[in-house]
There are 2 protein chains.
Amino acid sequence: MCPAKISESAVRRLSLYLRVLDAFELAGKTTVSSGDLAERGGVTPAQVRKDLSHFGSFGKRGLGYPVSELRERVTEILGLGRRWRVGLVGAGKLGAALFFYDGFRGQGFDVAAIFDNDPDKIGQRWGRLVVEDIESMDRVMRTSQVEMGIIVTPAVSAQQVADRLIASGVEAILNFAPTRLQVPPGITLRNVNLEIELESLAFALTHENGA
Amino acid sequence: MCPAKISESAVRRLSLYLRVLDAFELAGKTTVSSGDLAERGGVTPAQVRKDLSHFGSFGKRGLGYPVSELRERVTEILGLGRRWRVGLVGAGKLGAALFFYDGFRGQGFDVAAIFDNDPDKIGQRWGRLVVEDIESMDRVMRTSQVEMGIIVTPAVSAQQVADRLIASGVEAILNFAPTRLQVPPGITLRNVNLEIELESLAFALTHENGA
DNA sequence: GTTCGTTTGTGATTGATTTCACAAGCAAAG
DNA sequence: CTTTGCTTGTGAAATCAATCACAAACGAAC
């Protein structure tokens, strides 16, 4: 049902299936086969079945999976059956882009606090929030009951910010700063490094045809 | 030396080593061991040696790797020994954040064109560039000799944009739209899906302590 | 109730990636 | 010149992930 270890990539595929299920439900389908899910998700049917089987047995042999029920189950598995409160550190352009992006709210993530250390930015009103001084992070994070942090600061400040987030009780961090953060065991860290993505494209273009 | 297939993750680690090497060079070190690189990169020494050995033999036994020379070689391997011209599609907040982010230029990536389909945005001056109509993509891309595309549009337009980019001669695409793009063989595609990252954090928080 | 076409769930297999472990090589010291 | 202390480069082993292949199960048709 819920085994010891699910691979990072399997979890990401679950997110993918959830989107495909949304589309199928919108299209009015009531059941889907692993083949349907696989085709739309760009994976193999066996992979879909294996991924789902880690968490239970949701399908009917000969029929497939009930769309609506599977969607609910995957939502639950991913921990999206509730809303999450997110703290955003860094009120720059990327921070603004993330803050005003509707996709997060749609998936159950609410930005509950924004921080910066620039006096020009502190006090600015962003939607229904005010940019807070990074110095008051601990207090604000606890009163806002923030559970996740997003780091959108320059690389030099990132480690310090991460330390403060963790001190404030945050256990999951999404880091956009192009630097490798050290976090203690038990803290979940995901990195999004745009430079690395571009560099991987450059590598592919450079090596694609025996060049 | 340069084998048939290097894994995606190995390439990403090379990017990482490059950053660590930058730091070491800045700190004035002339040689590093695989252990040094591993520690700062958060991997194992054996992994470092294996990754590098795919491309040649850069170290001296008993000594380690010459920082400056290895940095040059890795730069070359990743295809960063030249500048790359990038086209940005989507002049929204995320597009702006990427455009004004200095890290890309620093690594050799120049945004050479920006596109949007919103009449209010078309014609806006961004730095030294003007936002172009997406309709004129083919012409602009070719005259600007753009080699990579970054998609920062809503999900619904993303596939259409990708098709146009490919028709304009682009062979590598970095997609930020939360949708799975279909591209023909020979086109390199990387996806950055912020919703999936947050969902993977939600999963981790939900399942960490047998919850 | 039996047969038929379909699709799941899963042990077995294959494949990929990471780690191990050690011979080979280098510099410095004696 | 030999020994000593490190560190690389790499085949072998181990771990991890993806795919295969097939028995079991279901609904529909008759």
Side-chain angles (χ1 to χ4, degrees), chain A residues 1-17 20-21 24 29-71 73-74 77 200 203-204, chain B residues 1-17 20-21 24 29-71 73-74 77 180 196 200 203-204:
Chain A
M1 284 288 176
C2 196
K5 191 70 185 90
I6 302 292
S7 80
E8 172 65 19
S9 29
V11 174
R12 303 172 93 88
R13 283 193 300 269
L14 286 182
S15 290
L16 191 62
Y17 304 154
V20 176
L21 285 169
F24 274 124
K29 293 200 68 163
T30 56
T31 58
V32 283
S33 69
S34 57
D36 295 335
L37 281 169
E39 192 185 355
R40 296 283 297 266
V43 296
T44 65
Q47 178 100 79
V48 172
R49 295 201 297 276
K50 184 72 98 181
D51 286 339
L52 294 177
S53 77
H54 289 135
F55 299 96
S57 187
F58 309 124
K60 275 206 171 59
R61 303 183 183 210
L63 260 188
Y65 301 90
V67 172
S68 169
E69 189 190 317
L70 183 59
R71 207 182 66 86
R73 295 295 290 114
V74 174
I77 289 165
S200 124
F203 177 86
Chain B
M1 283 288 174
C2 194
K5 191 69 185 92
I6 302 291
S7 79
E8 171 66 18
S9 30
V11 173
R12 303 173 92 87
R13 283 193 298 268
L14 285 182
S15 289
L16 191 62
Y17 304 154
V20 177
L21 285 167
F24 275 124
K29 293 201 69 163
T30 57
T31 58
V32 283
S33 68
S34 57
D36 296 336
L37 282 168
E39 192 184 355
R40 296 282 297 265
V43 296
T44 65
Q47 179 103 78
V48 171
R49 295 200 297 276
K50 185 70 101 182
D51 286 340
L52 294 177
S53 77
H54 289 135
F55 299 96
S57 188
F58 309 123
K60 275 206 170 60
R61 301 180 185 216
L63 261 188
Y65 301 90
V67 172
S68 169
E69 189 191 318
L70 183 59
R71 208 181 64 87
R73 295 292 291 111
V74 174
I77 289 165
R180 179 144 297 254
I196 287 184
S200 122
F203 177 86

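Reminder, nothing fancy here: chain letters follow the sequence lines and each chain counts from 1. Just the heavy atoms: all of them, side chains too, but no hydrogens, waters or symmetry mates, feed the values below. Every value quoted in this text rests on a predicted model; they were computed, and no experiment measured them.
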Between B:S7 and C:dA16, is there a contact of a side-chain N or O with OP1 or OP2 at under 4.0 Å?
no

Earlier contact from the 5' end, DNA chain D, for A:K60 and A:E8
A:E8

Do we get A:R40 above A:F24's six-membered ring, with its NZ or CZ under 6.0 Å from the centre and within 45° of the axis?
yes

Note, A:Y65 side chain near A:R49 side chain (heavy atom, < 4.5 Å)
yes

Would you say A:Q47 places a side-chain N or O within less than 4.0 Å of OP1 or OP2 belonging to D:dT19?
yes

Does A:R73 come within less than 4.0 Å of A:E69, counting only side-chain N to carboxylate O?
no

Measure from the side chain of B:S53, starting at C-beta and using heavy atoms only, and say which of D:dA18, D:dG9, D:dT19 lies closest.
D:dG9

Kindly say whether B:V48 contributes a backbone atom to a donor-acceptor pair with the side chain of B:D51 at under 3.5 angstrom?
no

Check if the side chain of B:R61 and the base of D:dT7 share a donor-acceptor pair of N or O atoms closer than 3.5 Å.
no

Under 4.0 angstrom between A:Y65 side-chain N/O and D:dC26 OP1 or OP2
no

In terms of heavy-atom contacts, B:L16 and B:G41 come closest through CD2-O, 3.2 Å

Of all the nucleotides listed (C:dT18, D:dA18, D:dT19), which has the minimum atom distance to the side chain of A:S9?
D:dA18

Measuring from B:R12:CZ to A:S200:OG, what's the distance to the nearest 0.5 Å?
5.5 Å

Quick one: which of C:dC22, C:dA12, D:dA23 gets closest to the side chain of B:R49?
C:dC22

With the threshold set at under 4.0 Å for non-hydrogen atoms, list the residues of residues 32-46 of chain A touching DNA chain D in residue-number order.
A:T44, A:A46

Of A:L63 and A:K50, whose nearest nucleotide on DNA chain D comes first from the 5' end?
A:K50

